[in-house]
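All heavy atoms count here, side chains included; hydrogens, waters and symmetry mates do not.
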Amino acid sequence: MSALDTVKTMGREAVLEKIKEAGLCEYGLQAGPLADRIEKANGKAVDAGLNNADTDKVLLSVLKEAPDKVFAGMCAAAYMTGTKEVTLYLPESEKDLADELKETAEKYDVKIVNSIIDMRESEEHLLLHIVTAAELADLLDECYCRGIYVSADGAEVKKADPDTKISDLVSLEGAKAVKLGYGYVTPEEAAGLTASAAANGVIKVLTEKDCLVQETLEHLSAYRRVSCGKCVFCREGLIQLEYMQREITSARGKTDYLELTKEIGEAMRTNTLCSIGQVSAEAALDAAEKYPDEYEAHIRKNKCPAGACTSFVHIYIDPQTCTGCGECMDVCPEGCIEGKAKYIHMIDEFDCSKCGKCMEACEEGAVIRTAGKLPKLPNRLTKVGKFRRH
């Protein structure tokens with residue numbers, strides 16, 4: 001018997017009591033007892049999906065592995081609220097998944113839309129996270145177990161006990177920071193937290209080789225790509241936050257960027273309608289508050305501690321090692337290496353993208369990457385073995 005059949009057989013009130021007894025809650029950012037949310041629903045429609053801010057999308061695996069379960073849970077919730085209008089929202093980038101699910105969706109009379117959930121249009125709808133729908137179906141099928149879906153350091157998503165320690169899911173040895181859900185925590189903070197803190201299922205350990213500013217820039221860019229732009233604070237806030245992170249990683253950061261990040265990020269939390277605006281600034285706020293030294297190094301010391309920001313990195317050809325073979329010239333995609341046979345080659349830093357292909361091609365190891373000061377180099381083509389530093 002399907003979850004929807006169970007609801008029809010048991011009746012609405014009996015199922016609501018069952019949900020209350022199980023302590024089943026909405027999995028998304030609009031958290032709260034599921035039974036209460038169903039009771040308060042006005043019966044207009046059910047909209048299901050990930051949180052709008054979930055650009056990592058690891059929890060889509062729940063839908064991919066058991067689509068019938070998710071659709072059944074959505075329809076069961078819809079029946080209890082008194083509506084037949086059920087829509088599944090998938091990220092814009094998941095059009096192939098929408099096509100794969102089309103036949104199953106038609107079986108359950110569910111509409112699929114590739115978009116974020118418009119909170120203005122869905123203000124009076126029952127919002128349901130994909131995982132909530134799956135867990136409701138499990139409950140009605142008598143196979144529900146309490147847990148949190150997590151992907152630890154990119155591993156396959158699995159369901160863990162909510163009280164499982166983060167340190168039991170990932171190794172914190174050598175960690176600089178831990179991306180937990182939508183923000184960052186320090187290793188010390190992570191040691192005292194449990195799986196329940198992973199709001200979107202993501203647990204990622206960052207080491208000294210990872211640049212927090214660069215990571216934060218990537219998060220903000222991902223949010224800008226999915227934001228609808230209708231909320232002024234979200235639209236303008238993301239533009240400003242992304243701009244400042246990009247300037248900092250490009251060696252053009254300013255000393256007031258930390259304070260501006262805090263000011264803009266905190267305003268976004270309370271002045272936007274959906275989870276994109278409400279949590280997209282978390283990573284930037286956490287990074288600025290917990291890792292100010294990393295920002296100071298970029299802005300004041302003109303240095304990326306992780307060596308990850310290419311604007312702070314130099315690639316040069318060691319004139320004492322170069323044999324003038326020309327291999328680096330052949331692979332350079334920018335054509336920014338000057339040289340000829342038996343002459344020491346030179347890199348034009350202005351055009352160099354620092355892709356590193358020249359380093360891979362040089363069998364002599366003459367192409368060097370450094371975050372430090374450049375040694376004295378030739379300013380014109382010089383025969384191999386003829387260059388002297390002094």
Ignoring hydrogens and angles, write down the donor-acceptor pairs under 3.5 Å from the side chains of residues 349-358, residues two or more places apart or on other chains.
{"from": "Glu349", "atom 1": "OE1", "to": "His314", "atom 2": "ND1", "distance (Å)": "3.3"}
{"from": "Glu349", "atom 1": "OE2", "to": "His314", "atom 2": "ND1", "distance (Å)": "2.8"}
{"from": "Lys354", "atom 1": "NZ", "to": "Thr310", "atom 2": "O", "distance (Å)": "2.7"}
{"from": "Lys354", "atom 1": "NZ", "to": "Val313", "atom 2": "O", "distance (Å)": "2.8"}

Pairs under 3.5 angstrom only: tabulate donor-acceptor contacts from the side chains of residues 327-344 to other protein residues two or more places apart or in another chain.
none

Validation: residues 267-274 side-chain donor-acceptor distances under 3.5 Å, sequence neighbours left out:
{"from": "Arg269", "atom 1": "NE", "to": "Glu282", "atom 2": "OE2", "distance (Å)": "2.8"}
{"from": "Arg269", "atom 1": "NH2", "to": "Glu282", "atom 2": "OE1", "distance (Å)": "3.1"}
{"from": "Arg269", "atom 1": "NH2", "to": "Glu282", "atom 2": "OE2", "distance (Å)": "3.3"}
{"from": "Asn271", "atom 1": "ND2", "to": "Ala267", "atom 2": "O", "distance (Å)": "2.7"}
{"from": "Thr272", "atom 1": "OG1", "to": "Met268", "atom 2": "O", "distance (Å)": "2.8"}
{"from": "Thr272", "atom 1": "OG1", "to": "Gln278", "atom 2": "N", "distance (Å)": "3.2"}

Distance-only check: which donor-acceptor pairs under 3.5 Å involve side-chain atoms of residues 67-76, not counting sequence neighbours?
{"from": "Asp68", "atom 1": "OD1", "to": "Lys107", "atom 2": "NZ", "distance (Å)": "2.8"}
{"from": "Asp68", "atom 1": "OD1", "to": "Tyr108", "atom 2": "OH", "distance (Å)": "2.9"}
{"from": "Lys69", "atom 1": "NZ", "to": "Asp138", "atom 2": "OD1", "distance (Å)": "3.1"}
{"from": "Lys69", "atom 1": "NZ", "to": "Asp138", "atom 2": "OD2", "distance (Å)": "3.4"}

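Residues in residues 115-131 take part in these salt bridge (charged side-chain N to carboxylate O under 4.0 Å, His left out) pairs, two or more places apart or across chains: Lys44-Glu124, Asp118-Lys230. Within the structure, no pair that satisfies the ring pair (Phe, Tyr, Trp, His ring centres under 6.0 Å) test touches residues 31-50, not counting sequence neighbours. Legend: ring pair (Phe, Tyr, Trp, His ring centres under 6.0 Å) pairs involving residues 6-55, not counting sequence neighbours, sorted by first then second residue: Tyr27-His129. Sorted pairs that involve residues 365-384 and meet ring pair (Phe, Tyr, Trp, His ring centres under 6.0 Å), not counting sequence neighbours, are lacking altogether.
Residues satisfying the salt bridge (Lys or Arg N to Asp or Glu O under 4.0 Å) criterion with Arg12, sequence neighbours excluded, are absent altogether. In this structure, the salt bridge (Lys or Arg N to Asp or Glu O under 4.0 Å) partners of Arg300, at least two apart in sequence or on a different chain, are Glu296. Contacts of Glu100 classified as side chain to side chain contact (heavy atoms under 4.5 Å, CB included), with partners at least two apart in sequence or in another chain: Leu97.
In the model, Ser221 has a side-chain atom that pairs as donor or acceptor with a side-chain atom of Glu242 under 3.5 Å. Thr321 and Glu364 are not linked by any side-chain donor-acceptor pair at a separation below 3.5 angstrom, with hydrogens and angles left out of the test. With no hydrogens or angles considered, a side-chain donor-acceptor pair links Tyr182 and Asn51 at under 3.5 Å.
When hydrophobic side chains of Ile, Leu, Val, Met, Phe, Trp and Tyr are connected at separations under 4.5 Å, Tyr291 ends up clustered with Tyr184, Leu206, Leu212.
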Evaluate the salt bridge (charged side-chain N to carboxylate O under 4.0 Å, His left out) criterion for residues Lys111 and Glu85: first the C-alpha distance (whole Å), next the side-chain angles of each, then the deciding distance (0.1 Å), finally the verdict. CA-CA 8 Å; Lys111 180 181 178 182; Glu85 296 295 322; over 6 Å; no
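With respect to Asp56, the side-chain hydrogen bond (donor to acceptor under 3.5 Å, both in side chains) criterion is satisfied by exactly one of Lys204, His219, Lys179: Lys179.
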